[in-house]
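All values below were derived from every heavy atom in this structure, side-chain atoms included, with hydrogens, water molecules and symmetry-related copies excluded. All figures in this text were calculated on a predicted structure; none of them were measured in a lab.
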2 protein chains.
Amino acid sequence: MSKEKPAARSAKRGRRIGEPAYQRIVNALTSRIAHGIYRPGGQLPTEAQLRLEFGVSPMTIRRAISILLDRGLVSTTQGKGTFVRSLDLGEAVFRLQEVTDQWAAGDSVHVQLLEASIAPATERVAHVLRLAPGTRTIYLQRLLLREGTPIVYHREHVVYDETRPLIEAQLQITSLEGLLRGTVGAALPSGELSIQAMSLGARAAELLRMPQGAPAFCLEHVFSDFDGLPVSWGWFLCRADQFRLSTHLGPHVDDQAPSDTRKGEHAP
Amino acid sequence: MSKEKPAARSAKRGRRIGEPAYQRIVNALTSRIAHGIYRPGGQLPTEAQLRLEFGVSPMTIRRAISILLDRGLVSTTQGKGTFVRSLDLGEAVFRLQEVTDQWAAGDSVHVQLLEASIAPATERVAHVLRLAPGTRTIYLQRLLLREGTPIVYHREHVVYDETRPLIEAQLQITSLEGLLRGTVGAALPSGELSIQAMSLGARAAELLRMPQGAPAFCLEHVFSDFDGLPVSWGWFLCRADQFRLSTHLGPHVDDQAPSDTRKGEHAP
DNA sequence: CAGTGGTCTAGACCACATG
DNA sequence: ATGTGGTCTAGACCACTGC
């Protein structure tokens with residue numbers, strides 16, 4: 001039942017150290033696409049051929065190709081083959097991480113609570129939060145300052161629920177970390193976000209120390225609880241001169257150092 | 001060496017039809033996270049436990065968890081376990097596909113070429129395209145109209161290279177399909193994109209039939225050839241009232257019909 | 001029919017974390 | 001030492017395409 005001596009396989013290929021085989025294959029294929037060795041629209045070698053070239057098992061080749069699929073570099077059709085995709089603007093994805101990182105850039109970033117009040121929901125608020133009009137809600141206004149300069153103005157409506165001590169936590173948020181994760185916190189599992197370009201109104205312009213009508217990003221959010229019911233509706237107004245979303249389109253070799261101090265850790 | 005009769009396994013589990021096992025597991029785990037059965041910060045069952053629960057092999061469980069990892073729903077730490085991630089604004093990703101789809105929404109969408117000229121590169125253009133100032137470049141202006149209404153204004157500088165018949169193709173672009181894929185085409189493998197909010201200048205406002213200073217999205221692009229050299233620099237000015245980027249954050253069950261007319265086809 | 005990608009198995013060994 | 005995730009194998013069968 002031994003089938004294979006334990007040392008047999010490690011003797012077969014001495015690549016245990018360093019980057020994994022699938023990553024090596026991903027990088028190799030990505031590089032060939034980037035350099036035009038495999039042309040857009042052209043067919044990649046079959047999995048059987050790649051298996052022979054790289055000396056790995058079918059699953060390892062498939063794993064590599066799956067990654068290229070996720071990245072939009074290739075397309076596969078069962079029974080036909082794997083093909084290089086040509087560039088498509090629509091494939092571009094922008095990560096909000098960029099923006100929140102820019103918020104946090106700088107030594108002195110803090111959140112200022114401008115107002116916190118309990119008021120009956122307007123028709124608009126009631127509709128979004130799916131409440132009866134007039135239901136009591138919390139209205140919050142915050143200003144995010146970096147190096148003393150206001151860069152983001154945040155307004156938020158939160159359902160007032162005595163059974164949930166969410167409000168207490170809300171009021172304590174005066175750090176950026178709290179605003180990014182505390183607002184949504186460990187209690188809210190999902191949300192909808194949208195970004196629009198807009199011109200600053202009088203109040204927002206004054207608070208952000210910009211001329212009225214200055215351009216801004218508006219990041220709107222609706223967070224819901226485990227039952228799918230909306231709990232919070234709000235929007236961040238971000239000075240346009242302070243933020244941009246950027247991304248790369250097309251093949252991009254990772255080139256990660258094989259034995260570096262890499263922490264894949266994500267704090268829960 | 002036969003080890004197993006060919007029919008033995010298919011008798012073991014009759015789930016060959018319908019959705020694959022890994023997808024079934026992804027949906028099950030996603031649902032549990034969405035409903036709070038697995039709480040943010042909490043630990044998921046170990047892979048060994050899940051393997052027993054779902055009756056699959058280790059690789060299949062790992063594939064499912066890898067997908068949850070990609071979607072940012074869980075985090076894994078070697079030696080410790082798999083944990084539910086709490087919501088993080090920074091995790092949100094916005095797909096440009098939404099915007100280009102909105103461009104194409106409607107029956108009559110077409111691209112109008114306003115101007116095409118050859119001119120010496122200004123210092124700014126030369127710098128971005130890495131040319132000597134004064135080198136001849138193509139300057140293009142286009143207007144995208146939907147139902148007769150101008151919604152996007154596009155300006156672009158393209159390097160003038162007699163060895164490449166790129167220009168000829170450029171001038172022929174009068175369809176949306178051409179603008180999205182033809183600009184970049186099969187010849188350009190990579191690009192950099194960025195989005196900013198801005199106010200429309202006099203000319204742009206006039207062309208888009210908006211008041212001067214109206215808000216707009218500016219989608220800037222630099223496309224490069226196989227050698228990594230920039231070939232095209234331009235930007236799309238999009239009326240803010242026509243476009244928005246939106247996305248979902250958190251667990252989202254696919255719920256794909258098992259035996260539907262699903263075409264995973266991506267035209268090369 | 002042969003060729004291709006898509007899924008899955010039942011193990012193995014490795015690297016890391018904790019006690 | 002034990003338990004965890006991370007990688008990998010050497011096959012198998014299925015579904016689809018095209019001749």
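Where A:Gly79 and A:Pro58 each meet DNA chain D at their nearest nucleotide, the meeting point lying more 5' is that of A:Pro58. Both B:Gln43 and A:Arg63 sit near DNA chain D, but only B:Gln43 has its closest nucleotide nearer the 5' end.
When the side-chain nitrogen and oxygen atoms of A:Thr77 are compared with OP1 and OP2 of C:dT4, none of them lie within a distance under 4.0 Å. In this structure, A:Thr76 reaches the C:dG6 phosphate: one of its side-chain N or O atoms is under 4.0 Å from OP1 or OP2. Distances shorter than 4.0 Å separate none of the side-chain N or O atoms of B:Thr82 from OP1 or OP2 on D:dT4.
How far OH of B:Tyr22 is from CD1 of B:Ile65: 15.0 Å, rounded to the nearest 0.5 Å. In this structure, A:Arg95 CZ and A:Asp101 CG are separated by 12.0 Å, a value rounded to the nearest 0.5 Å.
Judged purely by distance below 3.5 Å, without hydrogens or angles, the side chains of A:Gln242 and A:Trp103 never pair a donor atom with an acceptor atom. Side-chain contact of A:Ser246 with B:Glu192: a donor-acceptor pair under 3.5 Å is absent, judged by distance alone.
The aromatic rings of A:Phe236 and A:His221 sit tilted, their planes meeting at an angle between 30° and 60°.
By the 4.0 Å N-to-carboxylate-O rule, A:Glu91 lies close enough to A:Arg85 to be salt-bridged with it. The pair B:Arg142-B:Glu156 counts as a salt bridge, with a side-chain nitrogen and a carboxylate oxygen less than 4.0 angstrom apart. Salt bridge A:Glu53/A:Arg32: present, at least one basic N to carboxylate O contact under 4.0 Å.
Listed for the A:Thr30 side chain is a donor-acceptor partner under 3.5 Å among the backbone atoms of A:Val26.
Near DNA chain C, meaning a heavy atom under 4.0 Å away, there are no residues from residues 44-53 of chain B.
Between the axis at the start and the axis at the end of the helix from C:dC1-D:dG18 to C:dT18-D:dA1 there is an angle of 10°, using five pairs per end and rounding to 10 degrees.
Distance CD1 (A:Ile61) to C1' (C:dT4): 14 Å, rounded to an integer number of Å. Taking atom CZ of residue B:Arg24 and atom P of nucleotide C:dG6, one finds them 20 Å apart after rounding to whole Å. We find that CG of A:Leu68 is positioned 12 Å from P of C:dG6, with the value rounded to whole Å. Put simply, NZ on B:Lys80 is 15 Å from P on C:dC16, counting in whole angstrom units. Atom pair A:Ile65:CD1 and C:dG5:P shows a separation of 6 Å (rounding to whole Å applied). The nearest whole Å value for the distance from the CE atom in A:Met59 to the C1' atom in D:dG6 is 13 Å. Atom CZ of B:Phe54 and atom P of C:dT9 are 13 Å apart (whole Å). Here D:dT7 presents its P atom at 4 Å from OH of A:Tyr22, a figure rounded to the nearest Å.
Here the side chain of B:Arg62 is nearest to one of D:dG6, C:dT7, C:dT9, namely D:dG6.
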